[in-house]
S.K.: 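This structure is in structure tokens; I'll ask about it shortly.
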Amino acid sequence: CGVSTAAEPAASGSVPISGTCEESFEGVREAFAANFAERGEVGAAVCVVVRGSVVADLWGGWAGRPGSRPWQRDTLVNVFSVGKAFAALCVARLVSEGRFEVDEAVSRYWPEFAASRKSGITIGQLLSHQAGLPAVRRRLPPRAMLDHELMCAALQEQEPWWEPGSAHGYHTNTFGYLVGELVRRVDGRSLGTVLREDIAVPLGAEVYVGLPDELHGRVPEFLWPGEPPPELEPANLSAVELMEYNGYFNPSGLSGAGAVNTREWRLAEIPSTNGHATARGIARVYEALANWGEVDGVRIVDHRVLDLFTTERSYGMDVILHRTSRFGLGFQLTQPERPLGPGTRAFGHFGAGGSLGFCDPDAGVAFGYAINSMGPRWQNPRNRALIDAVYASLG
């Protein structure tokens, strides 16, 4: 792929692909092009950094439906749960500053959280999906997910669905409100503000939780499959079924269905779900993390704290996902069932549809991938092909 920034045709000859790529990482460009030609990609960008050098920075396809406006170098897109790692990083930064310890009770900093048998839940349990709060039981009003205070009040009232610490289950959407409120209580600023002022701006990384209005013109349509479910609780669900359903659809737009392309969604701060970023921005954050918290003289987190946050806290059958998951404190850790390359210390976070940010400190790899269509959520062939191509290029 050389070093030219001119557009290059994909394998199909019909999808515009642009960017730069080192010759030794030609396999990454080929995998990226094949995602469009063979795996249903619509619009996407990928950026790979190896030991401080950008070896691939590619973008292609459409910022909307096929044949619409082309994806641009500066296109920003909703990356869903990729943002959970940025939320965890905001917490890790506060720990680095000595603001609290992860084994302290959440209620020490958020007293109202102690209601409904939650006084003993620790910050570590919250971050590792062990708190038993993946959903709100009572039906919430439409668009409640856009109101941080309303969501936090509902979570204050909610009793844990399981004994905290006895199991882990992915807090798909509640994670962001819980962690966001903890950050606000400790720091006084919102999580999106901490991310912007203390991490993104110092690094020069375009990653946002709460996207400024003036940037919305750079966001493509996200091609969400199907219609959002009705704003009614399904009948005849068991307690476990209700927990799982409400974790995704209470209210119906909680995961983004019917809301992801609206101005209100983009402006809101929903750290678990509505982070917006470029692939380059994601990779820039992980470039610092691959170097244990520092890059180009900018330190965003203490090495010791990042090591703590990327040490296993939860591993095994996930009671929400019904498959194996593995977490540190907020970060997903590589696992045999879904490896982030061959290394044992890689960490990051996947997002709905296949978006991904991760790093491998041992290999010096930082990776960002952003998309605008909903591919497979578990074993996604598009990000898998890109990861495999990166490591094949490393030799």
Side-chain angles (χ1 to χ4, degrees), residues 27-28 31-32 34-35 38-41 44 46-48 78-89 127-130 134 167-173 175 244 247-248 255 272-273 275 277 279 282-283 285-286 289-290 306 309-371 373-394:
V28 176
F32 188 62
N35 280 349
E38 303 169 11
R39 305 183 188 105
E41 193 83 274
V46 63
C47 183
V48 184
N78 198 132
V79 291
F80 296 96
S81 291
V82 171
K84 286 187 174 74
F86 301 148
L89 181 56
L127 289 164
S128 55
H129 300 270
Q130 298 183 73
H168 78 279
Y170 190 42
H171 288 43
T172 312
N173 291 297
F175 180 92
E244 295 173 4
Y248 288 95
S255 297
S272 53
T273 317
I282 297 167
V285 174
Y286 278 101
L289 299 184
L306 184 57
F309 271 61
T310 56
T311 297
E312 181 184 304
R313 288 279 181 132
S314 305
Y315 187 29
M317 184 54 60
D318 187 302
V319 300
I320 296 295
L321 301 176
H322 300 290
R323 53 173 168 77
T324 301
S325 64
R326 183 173 183 242
F327 294 97
L329 294 172
F331 292 99
Q332 290 178 326
L333 308 182
T334 190
Q335 60 184 85
E337 299 85 356
R338 186 163 64 166
L340 295 169
T344 60
R345 294 202 296 174
F347 62 90
H349 218 292
F350 290 89
S355 54
L356 173 62
F358 81 91
C359 69
D360 180 342
D362 295 327
V365 168
F367 178 98
Y369 173 52
I371 59 174
S373 62
M374 191 67 73
R377 294 180 177 225
W378 171 229
Q379 300 293 356
N380 186 290
R382 302 172 198 165
N383 59 41
R384 180 79 268 144
L386 293 168
I387 295 169
D388 290 346
V390 169
Y391 283 92
S393 298
L394 288 173

S.K.: Taking atom CG of Leu89 and atom CG of Leu329, what is their separation to the nearest 0.5 Å?
M.R.: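 Rounded to the nearest 0.5 Å, the CG-CG separation comes to 12.5 Å.
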S.K.: Which heavy-atom pair separates Ala389 from Gly27 by the least distance, and what is that distance?
M.R.: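 For Ala389 versus Gly27, the nearest heavy atoms are CB-O, 3.5 Å.
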S.K.: Any side-chain heavy atom of Leu356 sitting closer than 4.5 Å to one from Ile387?
M.R.: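 Touching, per the 4.5 Å side-chain cut-off.
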S.K.: Enter the distance from Phe86:CZ to Phe331:CZ here, rounded to the nearest 0.5 Å.
M.R.: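 It is 9.0 Å, given to the nearest 0.5 Å.
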S.K.: Report the distance from atom OG1 of Thr273 to atom NZ of Lys84, rounding to the nearest 0.5 Å.
M.R.: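 Rounded to the nearest 0.5 Å, the OG1-NZ separation comes out at 5.0 Å.
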S.K.: For residues Ala385 and Ala31, report the shortest heavy-atom separation together with the two atoms involved.
M.R.: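 Answer, listing the atom of Ala385 first, then Ala31: O-CB, 3.8 Å.
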S.K.: At their closest point, which heavy atom of Ala290 faces which heavy atom of Cys359, and how far apart are they?
M.R.: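 So the two residues come closest at N-SG, 3.6 Å.
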S.K.: Work out which heavy atom in Asp318 is nearest to a heavy atom in Gly169; give both atom names and the distance.
M.R.: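 Closest approach of Asp318 to Gly169: OD1-CA, 3.3 Å.
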S.K.: Could you go through the side-chain contact (heavy atoms from CB on, under 4.5 Å) check for Asn35 and Tyr369 one step at a time?
M.R.: CA-CA 12 Å; Asn35 280 349; Tyr369 173 52; 4.1 Å; yes
S.K.: Please answer whether the main-chain N or O of Gly375 pairs with a side-chain N or O of Glu41 as donor and acceptor at a distance below 3.5 Å.
M.R.: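 Checking the backbone N and O of Gly375 against the side chain of Glu41, no donor-acceptor pair under 3.5 Å is found.
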S.K.: Can you see which heavy atom on His349 is nearest to which on Ala85, and at what distance?
M.R.: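 Closest approach of His349 to Ala85: CB-CB, 3.9 Å.
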S.K.: Are any of the side-chain heavy atoms of Asn383 and Phe358 separated by less than 4.5 Å?
M.R.: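 Side-chain contact under 4.5 Å: no.
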S.K.: Which one of His129, Gln332, His168, Gln335 satisfies the side chain to side chain donor-acceptor pair (under 3.5 Å) criterion with Ser325?
M.R.: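 Running side chain to side chain donor-acceptor pair (under 3.5 Å) over His129, Gln332, His168, Gln335 with Ser325 returns exactly one hit, His168.
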S.K.: Do Arg313 and Phe327 form a cation-pi contact, if we require the NZ or CZ to be under 6.0 Å from the six-membered ring centre and within 45 degrees of the ring's axis?
M.R.: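 Arg313 over Phe327 ring: no.
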S.K.: Give the C-alpha distance, both sets of side-chain angles, the deciding distance and a yes or no for side-chain contact (heavy atoms from CB on, under 4.5 Å) between Leu340 and Asp360.
M.R.: CA-CA 8 Å; Leu340 295 169; Asp360 180 342; over 6 Å; no
S.K.: Between Ser314 (side chain only) and Ser128 (backbone N and O only), is there a donor and an acceptor less than 3.5 Å apart?
M.R.: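 Checking the backbone N and O of Ser128 against the side chain of Ser314, a donor-acceptor pair under 3.5 Å is found.
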S.K.: Under 3.5 Å, which donor-acceptor pairs link side chains of residues 341-348 to any protein atom two or more places apart or in another chain?
M.R.:
| from | atom 1 | to | atom 2 | distance (Å) |
| --- | --- | --- | --- | --- |
| Arg345 | NE | Asp362 | OD1 | 3.2 |
| Arg345 | NE | Asp362 | OD2 | 3.3 |
| Arg345 | NH2 | Asp362 | OD1 | 2.6 |

S.K.: Taking Phe32's backbone N and O only, do any of them form a donor-acceptor pair with Arg39's side chain (distance below 3.5 Å, no angle check)?
M.R.: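 Side chain of Arg39 to backbone of Phe32: no pair is present.
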S.K.: How long is the straight-line distance from CD1 of Ile320 back to NE2 of His171, given to the nearest 0.5 Å?
M.R.: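 That separation rounds to 8.0 Å.
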S.K.: Looking at every heavy atom in both His322 and Glu244, which two are closest together, and how far apart are they?
M.R.: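 The answer is NE2-OE2, 2.6 Å.
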S.K.: Just one of Asn78, Ile371, Asn380 clears the side chain to side chain contact (heavy atoms under 4.5 Å, CB included) bar with Ser355, so which one?
M.R.: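 Looking at Asn78, Ile371, Asn380, the match for Ser355 under the side chain to side chain contact (heavy atoms under 4.5 Å, CB included) is Ile371.
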S.K.: Look up atom CZ in Phe367 and atom SG in Cys47, then write down how far apart they are to the nearest 0.5 Å.
M.R.: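 Nearest 0.5 Å value for the CZ-SG distance: 9.5 Å.
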S.K.: To the nearest 0.5 Å, tell me how far Phe80 CZ sits from Asn173 CG.
M.R.: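 Rounded to the nearest 0.5 Å, the CZ-CG separation comes out at 10.0 Å.
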S.K.: Does any non-hydrogen side-chain atom of Phe309 lie less than 4.5 Å from one of Leu127?
M.R.: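 In contact.
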S.K.: Taking Thr334's backbone N and O only, do any of them form a donor-acceptor pair with Arg326's side chain (distance below 3.5 Å, no angle check)?
M.R.: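 Yes; at least one donor-acceptor contact below 3.5 Å.
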